[in-house]
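This report refers to the structure that appears directly beneath it.
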Amino acid sequence: MGNPAGVKRDFEALEKRRRQAIRLLERNDLNQSEVARRFRVCRQTVSRWIDQFRAGGQDALKKAGRAGRKSKLTEADRERLGELLLQSPEKLGYETPLWTCARVAHLIEKEWGVAYHRGHVWKILDDLGWSCQRPVGRARERNEEEIRRWRRVRWPAIKKKPKPKGARSSSSTKAE
């Protein structure tokens with residue numbers, strides 16, 4: 001099931017919960033099903049905690065640490081990536097002034113020899129404080145003054161106007 005998007009796991013709270021559950025079970029206060037209800041987990045999870053505790057003691061209940069695989073880029077590499085992204089993509093040899101995930105993945109592979117799928121690069125960019133931006137699609141030849149003049153002069157001349165109202169229909173008049 002996991003956490004909602006953007007919510008980090010609290011590994012210390014999870015460890016504390018496991019330890020409390022084992023304490024309740026050791027005192028024989030509650031059975032596995034009742035502990036599972038109190039901690040809002042399934043009974044199999046409580047059973048797994050007991051098995052881990054019996055096999056490895058208190059150390060088996062310790063927090064897991066980070067979730068997922070460790071990044072192949074060091075913190076210094078990430079800082080350097082941030083500096084490179086602040087430069088124009090054109091300066092770094094790309095055709096247009098737009099950073100895409102595919103380009104960032106290519107840059108990371110070129111600079112550090114680490115291959116990231118372009119679909120996962122957004123996580124790195126998010127960690128660096130970058131967000132998804134969409135360029136405004138406007139023609140380079142766009143003439144703002146001509147557009148303003150067209151809206152002021154030409155548009156009112158061709159715009160449809162409501163027809164003048166005639167006499168009201170009999171269905172819309174009220175008997176007084």
Side-chain angles (χ1 to χ4, degrees), residues 1-17 36-42 44-45 63-176:
M1 190 167 142
N3 292 333
V7 177
K8 304 274 186 203
R9 287 190 212 156
D10 184 354
F11 292 107
E12 291 178 15
L14 294 172
E15 177 182 340
K16 183 179 176 184
R17 179 176 70 165
R37 271 192 290 281
R38 286 200 180 179
F39 289 95
R40 294 189 176 132
V41 296
C42 63
Q44 290 86 344
T45 299
K63 61 184 177 182
R66 58 172 275 109
R69 185 181 297 170
K70 286 189 176 182
S71 175
K72 293 178 184 176
L73 295 178
T74 66
E75 194 56 42
D77 295 341
R78 287 172 175 263
E79 285 178 28
R80 175 77 179 124
L81 176 61
E83 292 169 9
L84 289 173
L85 292 175
L86 289 173
Q87 296 179 27
S88 167
E90 294 168 313
K91 226 181 205 183
L92 297 172
Y94 298 101
E95 293 178 18
T96 60
L98 180 68
W99 281 117
T100 63
C101 287
R103 284 185 180 179
V104 174
H106 179 260
L107 178 66
I108 291 171
E109 190 165 4
K110 188 171 83 175
E111 288 290 317
W112 292 280
V114 177
Y116 276 98
H117 186 275
R118 65 178 185 262
H120 297 279
V121 169
W122 68 267
K123 294 176 187 175
I124 297 170
L125 295 173
D126 185 53
D127 288 345
L128 292 172
W130 287 66
S131 63
C132 181
Q133 304 288 316
R134 299 250 187 255
V136 177
R138 289 193 174 155
R140 290 182 181 172
E141 305 84 22
R142 186 176 167 105
N143 182 338
E144 294 296 331
E145 182 54 42
E146 186 62 28
I147 292 169
R148 277 193 294 278
R149 192 186 67 71
W150 186 89
R151 282 186 183 152
R152 196 175 55 248
V153 177
R154 182 76 179 121
W155 175 243
I158 60 174
K159 183 178 169 184
K160 285 187 178 178
K161 295 182 174 97
K163 294 180 180 175
K165 292 186 177 180
R168 296 183 359 180
S169 70
S170 62
S171 63
S172 67
T173 59
K174 290 184 181 178
E176 294 182 28

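Every heavy atom of this structure was used, including side-chain atoms; hydrogens, water molecules and symmetry mates were not. The first residue in the sequence is number 1, and the count goes up from there.
- Evaluation of the salt bridge (Lys or Arg N to Asp or Glu O under 4.0 Å) rule for Asp127 yields Arg78 as partners, not counting sequence neighbours.
- Residues meeting the side-chain hydrogen bond (donor to acceptor under 3.5 Å, both in side chains) test with Arg37, sequence neighbours left out: Glu34.
- Across Pro97 and Pro89, no two heavy atoms sit closer than the pair C-CG, 3.9 Å.
- Contacts of Arg17 classified as side-chain hydrogen bond (donor to acceptor under 3.5 Å, both in side chains), with partners at least two apart in sequence or in another chain: none.
- Sorted by first and then second residue, the ring-ring contact (aromatic ring centres under 6.0 Å, His included) pairs involving residues 124-152 (not counting sequence neighbours) are Trp150-Trp155.
- Partners of Arg80 according to the side-chain hydrogen bond (donor to acceptor under 3.5 Å, both in side chains) rule, which considers only residues two or more places apart in sequence or in another chain, do not exist here.
- A 4.5 Å side-chain heavy-atom check between Ile124 and Ile108 finds at least one atom pair inside the cut-off.
- If you take OH on Tyr94 and OG1 on Thr100, they are separated by 8.0 Å, rounding to the nearest 0.5 Å.
- To the nearest 0.5 angstrom, His106 atom NE2 is 13.0 Å from Arg118 atom CZ.
- A search for ring-ring contact (aromatic ring centres under 6.0 Å, His included) contacts involving Trp112 returns nothing, not counting sequence neighbours.
- For the side-chain hydrogen bond (donor to acceptor under 3.5 Å, both in side chains) test, no residue two or more places apart in sequence or in another chain qualifies with Glu75.
- Residue pairs that meet the salt bridge (Lys or Arg N to Asp or Glu O under 4.0 Å) test with at least one member in residues 88-116, sequence neighbours left out, do not exist here.
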His117/Val121 under side-chain contact (heavy atoms from CB on, under 4.5 Å): CA gap, chis, key distance, verdict: CA-CA 7 Å; His117 186 275; Val121 169; over 6 Å; no
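- Qualifying salt bridge (Lys or Arg N to Asp or Glu O under 4.0 Å) partners for Glu79, counting only residues two or more places apart in sequence or in other chains: none.
- Between Leu125 and Leu85 there is a side-chain heavy-atom pair separated by less than 4.5 Å.
- For Arg142, the salt bridge (Lys or Arg N to Asp or Glu O under 4.0 Å) criterion is met by Glu144, not counting sequence neighbours.
- Residues Leu84 and Leu92 approach most closely at O-CD1, 3.7 Å, considering heavy atoms.
- Counting heavy-atom neighbours within 6.0 Å of Gln44 CD, excluding the residue itself, gives a total above 12.
- Remark: Arg148 engages Glu145 in a salt bridge (Lys or Arg N to Asp or Glu O under 4.0 Å) (not counting sequence neighbours).
- Contact check for Tyr116 versus Val104: no side-chain heavy atoms found under the 4.5 Å cut-off.
- Looking at Asp77, its side chain does come within 3.5 Å of a backbone N or O of Thr74 through a donor-acceptor pair.
- Every residue was checked against the ring-ring contact (aromatic ring centres under 6.0 Å, His included) condition with Phe39, not counting sequence neighbours, and none meets it.
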